[in-house]
Amino acid sequence: MDVFDHLRRGGRVSAAAAVLGTALQIKPLLHVDEAGRLAVVEKPRGRKQAIKAQLARMEQGWMPELGSTVMVGHGDCAEGAHMLEEAICAQFPTADIVTADIGPIIGAHTGPGMLAVIYWGSTR
């Protein structure tokens, strides 16, 4: 599962960046900003580091008083979604986790293997 191939084809990264990112096992963290633009915000190496980075962002922004539901989305990656669920449960025991496959629109941009964490927070 090569996320960079899909990001390259979608024009998000150059061919050189795709080759380098794949070789270094970089798992880019994407974020939709206030204007609705998709941007790379971090570049952790490996799935475990990417999950840690997602949890660190959640810790900074999650506001459970607005809603305790946390959505874990995945692109044909049930094993990765399960790892993410377990990590969220361990760090945020009050989270009510719902897991779902992502749709074809997001999947076309990210490719298989994508993991998402969606929650009510202090910022978009």
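Atom CD1 of I106 has 12 or fewer heavy atoms from other residues, nucleotides or ligands within 6.0 Å. Shown here is E65, whose CD atom has more than 12 heavy atoms of other residues, nucleotides or ligands within 6.0 Å. Within 6.0 Å of CD in Q25 there are 12 or fewer heavy atoms belonging to other residues, nucleotides or ligands.
Screening residues 83-109 for salt bridge (Lys or Arg N to Asp or Glu O under 4.0 Å) gives no qualifying pairs among residues at least two apart or on separate chains.
I51 contributes atom CD1, which lies 10.0 Å from atom CD of Q49 (distance to the nearest 0.5 angstrom). Between the CG atom in L115 and the CD atom in E79 there is a gap of 10.5 Å [rounded to 0.5 Å]. Residue T22 holds its OG1 atom at 9.5 Å from CZ of R8, rounded to the nearest 0.5 Å.
When side chains are defined from C-beta on, R47 counts as touching M83, because their heavy atoms get closer than 4.5 Å. Residues H74 and I102 are not in side-chain contact: their nearest non-hydrogen atoms beyond the backbone lie 4.5 Å or more apart. Looking at heavy atoms from C-beta onward, R37 lies out of side-chain contact with V32 at the 4.5 angstrom threshold. The shortest distance between side-chain heavy atoms of F4 and L20 does not fall below 4.5 Å. Residues F92 and L55 are in side-chain contact: their nearest non-hydrogen atoms beyond the backbone lie under 4.5 Å apart. You'll find the side chain of E42 reaches within 4.5 Å of the side chain of R57, heavy atoms only. Counting only heavy atoms from C-beta outward, the side chains of P44 and Q54 never approach each other to under 4.5 Å. Residues L30 and L7 are in side-chain contact: their nearest non-hydrogen atoms beyond the backbone lie under 4.5 Å apart.
Linking Ile, Leu, Val, Met, Phe, Trp and Tyr whenever their side-chain heavy atoms come within less than 4.5 Å puts V13 and L24 in one cluster. Connection of V117 to M114 is not established within any shared hydrophobic cluster, with ILVMFWY side chains joined at heavy-atom distances below 4.5 Å, either directly or through further cluster members.
Residues Q60 and S122 come closest through the heavy atom pair O-OG, 4.2 Å. Taking both residues in full, the closest heavy atoms of A50 and L29 are given as O-CD2, 4.2 Å, listed atom of the first, atom of the second, then distance. The minimum heavy-atom distance linking M58 with V70 is given by the pair CE-CG2, 3.5 Å. Between G113 and C77, the shortest heavy-atom contact is CA-CB, 3.7 Å. Across all non-hydrogen atoms, the minimal contact from A100 to M71 is CB-SD, 4.1 Å. Across all non-hydrogen atoms, the minimal contact from A116 to L84 is O-CD2, 4.0 Å.
Judged by distance alone, the side chain of R45 and the main-chain N or O of K27 form no donor-acceptor pair under 3.5 Å.
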